[in-house]
Amino acid sequence: MLGSTGSVGTQTLDVACRLGIKVDALAASTNTAVLEEQIRCFRPALCAVADEEAAKRLKTAVSDTPVKIIAGPDSASEAAAGTCADTVVNAIIGMKGLRPTLAAINAHKNVALANKETLVAAGDLVLDAARRRQTEIIPVDSEHCAIMQCLGGNRAERLILTASGGPFFGMNREQLAVIKPKDALRHPTWSMGAKITIDSATLMNKGLEVIEAAKLFDMPASKIDVVIHRESIIHSMVEYIDKAIIAQLSVPDMRMCISYALSQPQRLPTGVESLNLIKTGKLTFFEPDTDTFILLPLAYYALERGGTVPAVMNAANEAAVGLFLEEKIGFCDIFDVVDSVTRSAVRVDSPGIDDIEKADAAAREAVYAALNIRPNRI
Ligand code: MG
């Protein structure tokens, strides 16, 4: 379990507990208090901590247990490859998740992937590695998990991703300009980490998911639609050649996606509450406001251009969201700087991991240079 102390990580461990799945390794960056609890509960053989100081603290705290603690920025990759687990769940946030995903694939493990950024930045590379090693990449993201269920191995004509619209649905640019991180961190239907919650508020999250869907299901941008669906009951849909649309519905609860990712194609009890259609009443659909929320059309642009351009967009967004969370830039600055850095990116075609990491680093630098600001921490 990579990213074990975050929102998807803790929910995955809940699911593992329910399904009786053994957890061989945990990986997180700094949260030693939660890691200690998890080590005592799940008794993994290995625990990776990215932050060296935090690793030292944890080693002392759990010295009475047989767990092996490894430290450093590469420790998540070591944990991904270093056990006899057959599946690695990757819920690391951002590009940091790329090398651990590749390490898991190279060690012939299936990857249940909640780390969408790495499919955006390096989708072809990751899927190609998975094909060569004959391992599976199973989406944990609710939309892609829904699409996987609607497809059931079939080929669709069109994918329809639903989007909650985030907390600022219906707002114009003037209203968005004064938004502070605490406003953006209040998501109407899903409880998630800070970075993805901001991405949901800007609709960048949906843009990233369009690219994720294109890669996972091998669909062109022209066959992927986004519809705003405020209730978050339909998690996504597919349309077949005969115009039949199949949707997947449930109350919004990530544990269902996580459970299905771990058990598919089998279905197991999840403890998730049943959807009451009468209480739900109605389901509504709106067109996304792409004039205001410009990062959604930007994602289509990045997908069409290909090469390193999606990696640039993703990195620019990670950098800009980081600055916004540190209250160094305004909410609308995220739109403008990610748009300008992405559209002025120099594309490298068929990139290898070094090209992608280089493009990622350059895009972050371009964001800081454009705003003339440095982050407190990178
Ligand atoms: Mg999602």
Side-chain angles (χ1 to χ4, degrees), residues 3 6-12 15 89-94 97 101 111-121 123 137-151 159-169 184-217 219 224-238 247-262 264 270 272 283 285-286 288 293 295-296 299-300 303 310 313-314 317-318 321:
S7 170
V8 171
T10 51
Q11 294 181 81
T12 301
V15 170
V89 182
N90 185 353
I92 292 174
I93 297 154
T101 296
V111 181
L113 195 60
N115 173 265
K116 69 187 77 178
E117 291 91 341
T118 65
L119 273 186
V120 170
I137 303 291
I138 309 141
V140 172
D141 209 348
S142 63
E143 294 77 0
H144 307 79
C145 181
I147 290 171
M148 176 173 62
Q149 293 175 62
C150 296
L151 287 174
L159 308 181
I160 307 163
L161 296 181
T162 52
S164 73
F168 310 134
F169 171 71
L185 290 173
R186 242 181 270 129
H187 193 275
T189 45
W190 293 98
S191 157
M192 309 171 290
K195 196 257 173 184
I196 183 173
T197 306
I198 303 301
D199 286 347
S200 296
T202 60
L203 292 199
M204 180 78 275
N205 184 52
K206 210 49 55 179
L208 297 175
E209 289 180 354
V210 167
I211 301 177
E212 186 186 2
K215 299 295 172 190
L216 278 171
F217 304 110
M219 287 292 263
I224 305 173
D225 291 348
V226 170
V227 59
I228 303 287
H229 167 51
R230 296 292 286 156
E231 296 83 7
S232 298
I233 294 295
I234 296 180
H235 303 309
S236 278
M237 303 171 249
V238 308
Q248 189 252 338
L249 292 74
S250 75
V251 294
D253 191 321
M254 277 308 291
R255 288 174 304 164
M256 171 179 290
C257 319
I258 295 163
S259 181
Y260 188 73
L262 294 177
Q264 54 85 32
T270 55
V272 171
L283 302 176
F285 305 95
F286 304 92
F293 295 89
L295 299 184
L296 179 56
Y300 280 91
L303 176 56
M313 182 189 71
N314 176 65
N317 181 60
E318 282 189 29
V321 170

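Treat the numbers as computed from the prediction; the structure is a model and nothing was measured. One-based numbering, in listed order, for ligands and for the atoms of each.
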Asks: Could you tell me which non-hydrogen atom of Lys116 sits nearest to which non-hydrogen atom of Leu208, and how far apart they are?
Replies: CD-CB, 4.1 Å
Asks: Walk me through whether Glu212 and Glu143 qualify under side-chain contact (heavy atoms from CB on, under 4.5 Å).
Replies: CA-CA 10 Å; Glu212 186 186 2; Glu143 294 77 0; over 6 Å; no
Asks: Check side chain to side chain donor-acceptor pair (under 3.5 Å) between Asn90 and all other residues, then give those that pass, not counting sequence neighbours.
Replies: Thr101
Asks: Using side-chain heavy atoms (C-beta onward) and a distance below 4.5 Å, is Phe285 in contact with Ile234?
Replies: yes
Asks: Rounded to the nearest 0.5 Å, how far does CD of Gln264 lie from CE of Met148?
Replies: 5.0 Å
Asks: Spell out the protein N/O/S atoms under 2.8 Å from the Mg ion (ligand 1) as residue plus atom name.
Replies: Asp141 OD1, Glu143 OE1, Glu209 OE2
Asks: Given Asp225 and Leu161, is the side-chain contact (heavy atoms from CB on, under 4.5 Å) satisfied, shown in steps?
Replies: CA-CA 6 Å; Asp225 291 348; Leu161 296 181; over 6 Å; no
